[in-house]
Amino acid sequence: MTPANHDSAIKDFDCHLPEAGVAKVQIEKDNGMTKRKRLLVSTLILGVMSVVPAYAQNYDLVINNGRVMDPETNFDGVRNVGIKDGKIAAITEDAIQGDETIDASGHVVAPGFIEGHQHATDPFSRKVNLRDGLTTQMDFEAGAGDIAKWYAEAEGKTQANYGMVVLTTLARVSVLDSPEIAASANDMGGLFSMVGRAAAKAQSEGRKPGWTATLPNKEQMTEIMRLVDEGLRQGALGVGIPVGYMTTGVTQYELYKYQELASKYGRISNGHVRFAGVRPPTGGQLGVQEMLANAMVLDAPFLASHLNSNMDWEYTIPLINDARETRGAKVWGEVYPYAAGGTIASTDILTESSMAQMNITYSNVSNLDGTRWDKAMYEDVRKNDPGRSILIFNNPPEDIAKWMAQPGVVVVSDGMAIQDENLDYYPWDSPYEGKSVHPRSAGTRAKVLRMVREDKNMPLMEAISKMSYLHAKYFAELGGISQFRTKGRVQVGADADIVVFNPDTVTDNSTYEPGMGALPSTGIPYVLVNGVVVVKDSVVQKVFPGKPIRFPVQEKGRLDQITIEPREFDPNQ
């Protein structure tokens with residue numbers, strides 16, 4: 001190796017050593033190196049090259065001439081990337097060859113985007129998300145009831161990496177409404193129709209739906225917790241607690257017990273928090289404080305859902321950042337780049353009192369066909385079609401760039417399943433046109449990249465980090481999910497989950513207009529999942545390289561490590 005090549009190799013391998021299992025070494029590059037240091041560096045580089053020879057081997061795939069951007073190390077430079085056996089094997093200025101070649105000239109080569117708040121788990125919705133660069137797709141806010149079944153059904157049939165938490169809502173439905181109703185829905189898309197069935201059953205019995213409004217007694221709560229514990233035993237990534245949909249049914253005690261049980265496994269509690277308003281006494285900040293306090297007492301991970309939606313984001317984001325950065329709390333929060341929220345018609349957010357808290361009225365709510373509500377429609381839909389998907393325009397559009405640029409937050413979509421009017425999924429090869437859904441289901445990441453280009457609200461590297469590395473960092477370091485130690489990075493040894501996009505043209509095309517919610521993003525011609533090209537020349541390939549993100553199944557649960565002593569409630573009072 002000549003001195004010139006030696007220095008070049010130092011530059012290539014500095015900042016590109018695998019993080020998992022290999023200690024990072026700071027390599028000095030100044031001309032005053034002692035012979036001993038040069039010998040140490042040469043030994044290190046030759047050792048690395050003997051494990052991952054960068055220049056002599058033929059790779060499965062190479063990405064040439066791209067602007068490699070790695071958020072963890074802040075590396076930003078034109079390099080060639082070699083991929084072997086699903087891993088990044090080389091990042092170099094030297095020419096390399098592979099069985100397949102992508103010319104990324106004029107494009108950014110970034111870590112595959114990661115998301116912990118994408119509800120859609122059907123093939124067509126996943127396909128739309130791949131066009132937006134999403135390579136690891138999970139649902140932490142909601143989740144599934146039967147975790148073993150959910151992972152079994154995804155195995156070998158999923159294009160992106162996948163993971164799931166256990167959903168407290170389904171446990172409550174099973175105990176407080178009907179186990180048959182709960183068993184009929186095991187993902188977010190099925191939940192909408194489940195809400196309707198639970199409401200119909202409750203109306204026929206002259207009561208409110210149990211899952212949203214009933215305060216469980218000790219026996220009921222023990223059974224609810226048993227179901228949640230079983231999901232954690234089966235390897236769920238955490239516990240989804242959408243208490244904002246169950247504000248009158250979930251006491252502070254029950255909420256604490258969910259977080260306590262998750263903490264016994266060292267896993268994440270995700271909260272769609274209790275309130276969404278801006279006025280006392282139920283401002284959004286109080287809902288965040290409730291779950292944040294529990295997490296800090298328990299020394300447990302807590303992820304706060306869509307902080308932009310609770311309308312106190314100017315306070316809650318710094319609050320969570322301070323708890324993490326100054327107190328060592330295992331907490332973080334998320335935002336998405338849209339002014340409107342998407343939910344179901346029966347949500348507690350749309351009670352008369354909650355709307356007053358948020359300074360909105362009926363006309364701020366819209367059906368997916370664009371029809372704005374009035375009082376008559378409000379009363380009709382909430383009573384007769386409680387599972388209907390709706391939009392709530394509750395934030396000023398000019399605030400989007402502000403909350404997106406807040407430090408410490410991650411970017412998510414809160415994307416909904418793309419379904420027809422009968423709540424059925426579309427086939428994988430269905431056209432993108434003609435689908436009515438919140439545009440965040442299709443265009444979140446491309447919109448962020450377009451905003452960086454047009455609004456310059458944050459540096460491109462920061463935007464990439466909030467959509468990839470920062471997710472991986474929090475999930476691994478705070479949430480204990482080891483698979484993320486090699487994701488969210490463009491480094492030697494990292495998983496080859498990669499997005500190739502044109503920073504000058506990448507654009508979101510989905511809109512709120514009827515039939516235009518699933519139009520795919522453009523300017524992202526290549527997406528790789530575990531080294532397999534899943535999007536090629538902007539066409540999604542019918543390949544399924546996605547791997548499960550999951551904790552090992554445990555022989556025994558941990559419910560017996562907590563006590564359950566709720567106050568007994570008399571439903572007749």
- Query: Looking at Phe124 versus Trp428, is the centre-to-centre ring distance below 6.0 Å?
  - Reply: no

- Sole residue of Asp122, Asp420, Val128 in side chain to side chain contact (heavy atoms under 4.5 Å, CB included) with Tyr426: Asp420

- Message: Check whether Lys157 reaches the backbone of Glu153 with its side chain - one donor and one acceptor, N or O, closer than 3.5 Å.
- Response: yes

- Query: On the ring face of Tyr432, is Arg131 found with NZ or CZ under 6.0 Å from the centre and within 45° of the axis?
  - Reply: yes

- So does Glu219 have more than 12 non-hydrogen atoms from other groups sitting under 6.0 Å from CD? no

- Message: Whether the side chain of Asn530 engages the backbone of Gly86 through a donor-acceptor N/O pair (distance < 3.5 Å, no angle test) should be reported.
- Response: no

- Item | Residue pair Val527 / Ile498, side-chain heavy-atom distance below 4.5 Å | no

- Item | Check: Gln137 side chain, Ala120 main-chain N or O, donor-acceptor pair, under 3.5 Å | yes

- Query: Between Thr214 and Pro216, is there a donor-acceptor pair closer than 3.5 Å when you use the side chain of the first and the backbone of the second?
  - Reply: no

- Task: In sequence, state the C-alpha distance, the side-chain angles, and the governing distance for Gln118 and Asp139, and then conclude on side-chain hydrogen bond (donor to acceptor under 3.5 Å, both in side chains).
- Result: CA-CA 5 Å; Gln118 171 54 254; Asp139 185 358; over 6 Å; no

- Basic-acidic side-chain contact under 4.0 Å: Arg558, Asp229: no

- Between Lys264 (side chain) and Leu559 (backbone), is there a donor-acceptor pair under 3.5 Å? no

- Task: For the pair His438 and Tyr338, name the ring-plane relationship: parallel under 30°, tilted 30 to 60°, perpendicular over 60°.
- Result: perpendicular

- Query: Can you tell me if Arg172 uses its side chain to pair, donor with acceptor, with the backbone of Leu170 under 3.5 Å?
  - Reply: no

- Message: Does Lys257, at its NZ atom, have more than 12 non-hydrogen atoms belonging to other residues, nucleotides or ligands within less than 6.0 Å?
- Response: yes

- Determine yes or no for a side-chain-to-main-chain donor-acceptor pair under 3.5 angstrom, with Lys330 supplying the side chain and Met296 the backbone. no

- Query: How about His272 and Tyr245: are their ring centroids closer than 6.0 Å?
  - Reply: yes

- Query: Can you tell me if CD on Glu155 sees more than 12 non-hydrogen neighbours from other groups inside 6.0 Å?
  - Reply: no

- Hey, is the main chain of Gln541 close enough, under 3.5 Å, to the side chain of Gln159 for a donor-acceptor pair? yes

- Taking the six-membered ring of Tyr469, is the NZ or CZ of Arg489 close enough (under 6.0 Å from the centre) and on axis enough (within 45°)? no

- Heavy-atom neighbours of Lys201 NZ exceed 12 at 6.0 Å: yes

- Task: Dump the intermediate steps for side chain to side chain contact (heavy atoms under 4.5 Å, CB included) on Leu255 and Asn294, then the final yes or no.
- Result: CA-CA 9 Å; Leu255 180 59; Asn294 292 345; 4.3 Å; yes

- For this output row, return yes or no: ring centroids of Tyr258 and Tyr253 closer than 6.0 angstrom. no

- Are the side chain of Arg550 and the backbone N or O of Ala236 linked by a donor-acceptor pair below 3.5 Å? no

- salt_bridge(Glu115, Arg445) N-O dist < 4.0 Å: yes

- Kindly check if the number of other-residue, nucleotide or ligand heavy atoms within 6.0 Å of CZ (Phe544) is above 12? yes

- Query: Which class fits the ring pair Trp403 and Trp313: parallel under 30°, tilted 30 to 60°, perpendicular over 60°?
  - Reply: perpendicular

- Message: Does the plane of the ring in Tyr162 sit parallel, tilted or perpendicular to the ring in Tyr151? Use 30° and 60° as the thresholds.
- Response: tilted

- Message: Looking at Ile349, is its backbone amide N or carbonyl O close enough to the side chain of Thr347 to form a donor-acceptor pair, meaning the two atoms are under 3.5 Å apart?
- Response: yes

- Answer yes or no: does atom CD of Gln561 have more than 12 heavy-atom neighbours from other residues, nucleotides or ligands under 6.0 Å? yes

